[in-house]
Amino acid sequence: MEETIIEQRKAKADALRARGENPYANDFRVTHLAADLHATYGDATAEALEAGTEDAAVGGRVMAVRSFGKVIFLVLADRSGRIQANLFKNELPEDDWTRLEQLDVGDIVGVRGGMMRTRAGELSIKARALRILTKALRPLPEKWAGLTDVAVRYRQRYVDLIANDEVRETFRTRSKVVSYVRRFFEERDFLEVETPILQPIYGGAAAKPFRTHHNTLDMQLFLRIAPELNLKRLVVGGLHRVFELNRCFRNEGISTQHNPEFTMLEFYQAFATYEDLIQLTEELLEGLCRHIHGAPDLVYGGETISFRGPFARLPVFEGLTKYAGVPEDKVRDREALLEAAHRLHIADAAKLSLGKLQMEVFEAASEPHLVQPTFVTDFPLEVSPLSRRKDAEPDLVDRFELYVAGREIANAFSELNDPVDQRERFLAQVRERAAGDEEAHPMDEDYVRALEYGLPPTAGQGIGIDRLVMLLTNSPSIRDVIFFPLLRPEV
RNA sequence: GGGCUGUUAGCUCAAUGGUAGAGCAGCGGACUUUUAAUCCGUUGGUUCUGGGUUCGAGUCCCAGACGGCCCA
């Protein structure tokens, strides 16, 4: 059946060719957008418009056709919105009128004419010319139920974007978020940089990488899991404020919160601490929320979330006591933590090192409570191989993660810049790796060498852009904010 | 990895184990102010795939594919 529709539409394209017209012409000049016309003539009366207006030439997709015999109403969609075009048999050249036999919903057309208002009050173009600029061969989804099959929506995002206004709006917001972030950091004298995606040694996060191969050098390469180490090399080099809006790749599962490739913002600021970044983050998120929503709060999944700073803070150990019921004096006690892990149904807890156990218990017990923006602080050193030790408590680090709506949105710390300590931390990671931890950090000798030249005191942060956009667009799945999420191959 | 659940016309969905249907889209026709236009007529099916039970399977059973939700 689909084939016959395509055949029918190909025949219409051929009919256009037989008239000497190219069904894929590219010589129509647009003068106005639909939104321009609504802005200019939205308040004009039918009489005022009838007195005559400037001609408008609009190009767009035909979203609906309502035919009355000698008058036909088209709904056109362009990048700005929609406008109706009215085709009256006695107003159109005969060629243009007969061409309508070849027109279908879904075609791209160019319409030119003055403005009018219908009896029902609809601002419209009174067409004096109509051309078919692109003949669509496939039909659009059903007109009011639209396209709902999520597999088709993700695989054929182009159809999703045509059919679903809110999808276009979500991605428009995504673009606004990225441009706001860029402006925010440029205004603060950060330099936008680009560092390699293909890396001989990966690092900067605890994650499994994608592997690839360079033929000429016959060399194994990894797709980056984070740009962190390269960005800090740049700080060593004297670029004391840098940021990168970067695509990262992690060879892990797919869920409503995870796509194997995702977008992160990382930035580094010399002569700053993680406390400075807490303030910067509050400023960034409150400003961003106001920019997108016009107010410092938003609704996500039915919860109102306020980005009015300062945000709440919760040290990891306090969370263990408050939400996991681990006594205050037992937060470093393996038995007490294992008991809590058991209550929280954490699998294989006995295999975990102390720091990992603390974090697993913390996350399982606390995440559901961290709905309002909350800085979780003071992480165990063991799970933070690149973070600076706390001066007062050397088994903790100067680090925070920002949680919103029960999810990690950002991760930041004062950077470890002692090359001797860093080498030891890498070696500890290498031992973890040998013991079977596939996500442990590999040794990076060149990074240690860079630190030996001197990384100024620095703080750095990563923010998950996809998850941030999910919050700002009230999207339940990361797939709703990524144009082409990874899917199994189509069968 | 486990549990639950879904897959029927191009799209959105129906169909006690008993002749596979509707709306929209398409096609033909009427109609000069519609807004999901309306009215008349009409085409269109490997019911995800492969087995099985049954006189008879879209429906029940088994296996698989592809999705969704929850848990790990």
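To find a chain, count down the sequence lines: A is the first, B the second, and so on, and within it residues start at 1.
- For the segment residues 80-102 of chain A, the set of residues with a heavy atom within less than 4.0 Å of an atom of RNA chain B comprises Q84(A), F88(A), N90(A), in numerical order.
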Nucleotide N/O of nucleotides 11-14 of chain B paired with protein N/O under 3.5 Å:
from	atom 1	to	atom 2	distance (Å)
rC11(B)	O2'	E142(A)	N	3.1
rC11(B)	O2'	G146(A)	O	3.0
rU12(B)	OP1	T148(A)	N	3.2
rU12(B)	OP1	T148(A)	OG1	3.3
rU12(B)	OP1	D149(A)	N	3.2

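- For the salt bridge (charged side-chain N to carboxylate O under 4.0 Å, His left out) condition, the pairs that include at least one residue of residues 246-255 of chain A, sequence neighbours left out, are R247(A)-E261(A).
- I5(A) places its CD1 atom 19 Å from the P atom of rU42(B), with the value rounded to the nearest Å.
- Distance check on atom P: rG28(B) versus rU43(B) gives 14 Å, rounded to whole Å.
- Mapping L103(A) and S124(A) onto RNA chain B by nearest heavy atom places L103(A) closer to the 5' end of the strand.
- The interatomic distance linking H342(A) (NE2) with rA72(B) (P) rounds to 14 Å, in whole Å.
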Sequence neighbours excluded and cut-off under 3.5 Å, please list the side-chain donor-acceptor pairs for residues 86-95 of chain A, or say none.
from	atom 1	to	atom 2	distance (Å)
N86(A)	OD1	Q84(A)	NE2	3.0
N86(A)	ND2	S124(A)	OG	3.2

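- Sorted by first and then second residue, the pairs that involve residues 353-382 of chain A and meet ring-ring contact (aromatic ring centres under 6.0 Å, His included), not counting sequence neighbours, are F311(A)-F375(A), Y323(A)-H369(A), F375(A)-F400(A).
- Comparing rG23(B) with rU38(B), their C1' atoms are spaced 15 Å from each other, to the whole Å.
- Nucleotides rG6(B) and rA14(B) are separated by 11 Å at their P atoms, to the nearest Å.
- For the C1' atoms, the distance from rC13(B) to rC71(B) is 31 Å, rounded to whole Å.
- Looking at residues two or more places apart in sequence or on another chain, you find a salt bridge (charged side-chain N to carboxylate O under 4.0 Å, His left out) between E339(A) and R343(A).
- A donor-acceptor pair is defined here as one N or O able to donate and one able to accept, closer than 3.5 Å; such a pair exists between the side chain of N246(A) and the backbone of M264(A).
- When Watson-Crick and G-U wobble pairs are counted only if both distances are under 3.5 Å, rU7(B) pairs with rA65(B).
- Nucleotide rG56(B) forms a pair with no other nucleotide shown, judged by Watson-Crick or G-U wobble geometry with both contacts under 3.5 Å.
- Under the Watson-Crick or G-U wobble criterion, with both distances below 3.5 Å, rU42(B) is paired with rG26(B).
- Comparing rU59(B) with rU7(B), their P atoms are spaced 11 Å from each other, to the whole Å.
- With rounding to whole Å, D107(A) atom CG is found 11 Å from rG26(B) atom P.
- Between the side chain of H441(A) and the backbone N or O of A206(A) there is no donor-acceptor pair closer than 3.5 Å.
- Listed by chain and residue number, nothing satisfies the salt bridge (charged side-chain N to carboxylate O under 4.0 Å, His left out) test with R211(A) (two or more places apart in sequence, or in another chain).
- Rounded to a whole Å, the CG atom of L137(A) is 15 Å from the P atom of rG26(B).
- Rounded to whole Å, the distance from CD on Q257(A) to C1' on rC69(B) is 13 Å.
- Under 4.0 angstrom from either OP1 or OP2 of rG26(B) there lies no side-chain N or O belonging to R9(A).
- Not one N or O on the side chain of R79(A) forms a donor-acceptor pair closer than 3.5 Å with the backbone of L33(A).
- A 3.5 Å limit on both hydrogen-bonding distances identifies rC71(B) as the Watson-Crick or G-U partner of rG1(B).
- The side-chain hydrogen bond (donor to acceptor under 3.5 Å, both in side chains) check on R128(A) picks up D55(A), with sequence neighbours excluded.
- Comparing rG56(B) with rU16(B), their C1' atoms are spaced 15 Å from each other, to the whole Å.
- A side-chain donor-acceptor contact under 3.5 Å links R157(A) to the backbone of F483(A).
- Applying the 3.5 Å distance criterion, the base of rU35(B) shares a donor-acceptor pair with the side chain of T118(A).
- Comparing rU19(B) with rA57(B), their C1' atoms are spaced 14 Å from each other, to the whole Å.
- Under the 6.0 Å cut-off for aromatic ring centres, F222(A) and F249(A) do not qualify, their centroids lying 6.0 Å or more apart.
- Between E360(A) atom CD and rC71(B) atom C1' the separation is 15 Å, expressed in whole Å.
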Donor-acceptor contacts under 3.5 Å from residues 312-322 of chain A side chains, at least two apart:
from	atom 1	to	atom 2	distance (Å)
R313(A)	NH1	E275(A)	OE1	3.1
R313(A)	NH1	E275(A)	OE2	3.0
R313(A)	NH2	E275(A)	OE1	3.3
T321(A)	OG1	F317(A)	O	3.4
T321(A)	OG1	V326(A)	O	3.0

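- Sorted by first and then second residue, the salt bridge (charged side-chain N to carboxylate O under 4.0 Å, His left out) pairs involving residues 40-53 of chain A (not counting sequence neighbours) are E50(A)-K126(A).
- As judged by a 4.0 angstrom heavy-atom cut-off over every strand, K12(A) is placed among residues touching the sugar-phosphate backbone only.
- Nucleotide rC31(B) is matched to nothing when pairs are restricted to Watson-Crick or G-U wobble geometry with both distances under 3.5 angstrom.
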Can you list, pair by pair, the side-chain donor-acceptor contacts under 3.5 Å of residues 102-111 of chain A, counting residues two or more places apart and other chains?
from	atom 1	to	atom 2	distance (Å)
D104(A)	OD1	K12(A)	NZ	2.7
D104(A)	OD2	K12(A)	NZ	3.0
D104(A)	OD2	K135(A)	NZ	2.7
D107(A)	OD1	K135(A)	NZ	3.4
D107(A)	OD1	A136(A)	N	2.9
D107(A)	OD2	D104(A)	N	2.9
D107(A)	OD2	K135(A)	NZ	2.6

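- Distance CD (E363(A)) to P (rA72(B)): 13 Å, rounded to an integer number of Å.
- Contact check of residues 65-74 of chain A against RNA chain B (heavy atom, cut-off under 4.0 Å) returns R66(A), S67(A), F68(A), G69(A), K70(A), V71(A), F73(A).
- With rounding to whole Å, K10(A) atom NZ is found 19 Å from rG26(B) atom P.
- The C1' atoms of rA15(B) and rA9(B) are separated by 14 Å, rounded to the nearest whole Å.
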